[in-house]
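Only heavy atoms go into these numbers, but all of them, side chains included; no hydrogens, no water, no symmetry mates. Sequence lines set the chain letters: A, B, ... in the order given, protein chains first and strands last, and positions in each chain run from 1.
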2 protein chains.
Amino acid sequence: MARAATAQGTPAFQRIKDHVLGKIHDGDWREGDAIPTEEALCKLFGVSRMTANRALRELAAEQVVVRVQGSGTFVAQERYQATVVAIKNIADEVRARGHAHRSELHKLERVRAADQQVVRFGLPPGSVLFHSLIVHFENDQPIQVEDRWVNAAVAPDYLAQDFSKSTPNEYLMRAAPLQGASYEIEASMPPPEIAEMLRMGEREPCLVLRRKTMSRNQVASVAVLWHPGGKYSFSGAF
Amino acid sequence: MARAATAQGTPAFQRIKDHVLGKIHDGDWREGDAIPTEEALCKLFGVSRMTANRALRELAAEQVVVRVQGSGTFVAQERYQATVVAIKNIADEVRARGHAHRSELHKLERVRAADQQVVRFGLPPGSVLFHSLIVHFENDQPIQVEDRWVNAAVAPDYLAQDFSKSTPNEYLMRAAPLQGASYEIEASMPPPEIAEMLRMGEREPCLVLRRKTMSRNQVASVAVLWHPGGKYSFSGAF
DNA sequence: GAGTGGTCTAGACCACAAT
DNA sequence: TTGTGGTCTAGACCACTCC
């Protein structure tokens, strides 16, 4: 009987999954090894093929195994663990801590894509972009400078938003369904303007998040988020 | 017929998923709305219940919908997007860039848990910990100081490893199956010893990753990873 | 009690891989 | 040609929710 009897109430597909996970964890089946076919598991557990199939299909979705039609099912390569930083709307994040959020709008303008932006957005030169610069405060302490360029084709009403009431993030999430994003996190010394907006000392570094978001197969927005190094960190768990 | 005919070859369960995703994307079905029952989808698409069930079950696994037994299937709350930073073994990462990796071992010692460590590890005071301090190089440029404390109960052979040949990461992955981790990313000025090991200038900041890993329901390891701000960043996409 | 999802069966046909 | 996975059917019984 496969493995020590699992709880009675456990569904059959789950018992099969547990069996396979156990074998892999115990080292009986290693990376690249073929594991029993659906047919074999049917006999071993006395279930129909659909049930064995569901177990293996779910393990494949979880990247525990790899399935090759016509060939078999194999133990997948060990996955690298991933740390997850949730991208939150900063206003929600601050309020979730029970603090007051407010923001100051420093710039809100329409610009023609210059060379640098053209590269980042992958747009024809001369396309219209919107540019905003906003400082976010938590209990009247500045915690983020949000320097953002927005593709006008994706979010045409950007300039009409009231960014004292909502954040660009909130508007963009509504206007441009997020398709994907890429980002980079780095530590760097802020230029004097940024340092001043964040009321930082001369020798304090910033934690910088650069993020590019995609919507409708175009770059929707490029944001550079500056945070005072000593007061802000990204954290998470998995 | 539900929605514009999808490609002929598309499996029925996928066509149903696409239909539901389309309705949600178009705003026809909003957060919390009930969506058609399995029965209804069976009729709409002319399929058996197992097929409609698979479509909805997979959407539930993807957190697009929430299913409540006895009640119905509902559009899930919008998820916050998550950025993913892969935790890689730094040696692999460097080699993947086609560069040479080497490391220098500065410390490798057995210590008794002092107050600070006791808190982080949740261990009884006086427990045994191992401590290592290693500098990692990419093409002879220092790119990371790895300051690590390891729970001796989880990885008893830590001191016997040859860290010129493998990294603590590699050893720990083998010795202590990873259960979970929490981390924090911040920007800060390095203390002079760290700055010297990374050959950094006086006013350059570090990108610091603090990570706690769990194994067998205990804290396995606490690592503080210092990187030169200008030369190193975390990046990813989703 | 009626409606809904959770699970399962015993077949079936197909596409693809290895031989 | 044989074995494998990919998909699907037309039923079934059960647990749970809501009325």
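Within a 6.0 Å radius of CZ in A/R97, other residues, nucleotides and ligands contribute more than 12 heavy atoms.
One atom, CZ of A/F45, and another, P of C/dA10, lie 17 Å apart when rounded to the nearest Å. In this structure, CZ of B/F13 is placed 17 Å from P of D/dG5, rounded to the nearest angstrom. Following rounding to the nearest Å, A/E39 (CD) and D/dG6 (C1') show an atom-to-atom distance of 15 Å. For the pair A/R67 CZ and C/dC16 P, the computed distance is 16 Å after rounding to whole Å. Atom CD1 in B/I35 sits roughly 19 Å away from atom P in C/dG3 (whole-Å rounding). If you take CZ of A/F74 and C1' of C/dA18, they are 11 Å apart, rounded to a whole angstrom. Going from atom NZ of B/K43 over to atom P of D/dA10 covers 14 Å, rounded to whole Å. The CD-P distance, from B/E38 to D/dA10, rounds to 16 Å in whole Å.
Side chain of A/S103 to backbone of A/F163: a donor-acceptor contact under 3.5 angstrom is found.
For the side chain to side chain contact (heavy atoms under 4.5 Å, CB included) criterion with B/W226, the lone passing option out of B/I143, B/L209, B/V145 is B/V145.
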What are the atom names and distances for every N/O pair under 3.5 Å that joins the protein to nucleotides 17-19 of chain D?
from: D/dT17; atom 1: O4'; to: B/G70; atom 2: O; distance (Å): 3.3

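At a cut-off of 3.5 Å, with distance as the only test, no side-chain donor of A/R49 or A/N53 sits close to an acceptor on the other residue. Between the side chains of B/Q161 and B/D157, no donor N or O sits under 3.5 Å from an acceptor N or O.
Across all their heavy atoms, A/S233 and A/L207 have their closest contact at CA-CD2, 3.9 Å.
For A/P11, the listed nucleotide lying nearest its side chain is C/dT7; candidates were D/dC8, C/dT7, D/dG6.
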Does A/K17 form a salt bridge (charged side-chain N to carboxylate O under 4.0 Å, His left out) with A/E62? I'd like the steps, not just the answer. CA-CA 11 Å; A/K17 287 178 71 175; A/E62 293 157 19; 2.8 Å; yes
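With rounding to the nearest 0.5 angstrom, the CD1 atom of A/I24 is 9.0 Å from the CG atom of A/D33.
In terms of phosphate contacts, A/T73 brings no side-chain nitrogen or oxygen within less than 4.0 Å of OP1 or OP2 of D/dT4.
Within a heavy-atom distance below 4.0 Å of DNA chain C, the residues of residues 48-61 of chain A found are A/S48, A/R49, A/M50, A/T51, A/R54.
If you find the closest nucleotide of DNA chain D to A/P36 and to B/Q14, the one lying nearer the 5' end belongs to A/P36.
Both tests hold for A/R102 against A/F137: distance to the six-membered ring centre under 6.0 Å, angle to the ring axis within 45°.
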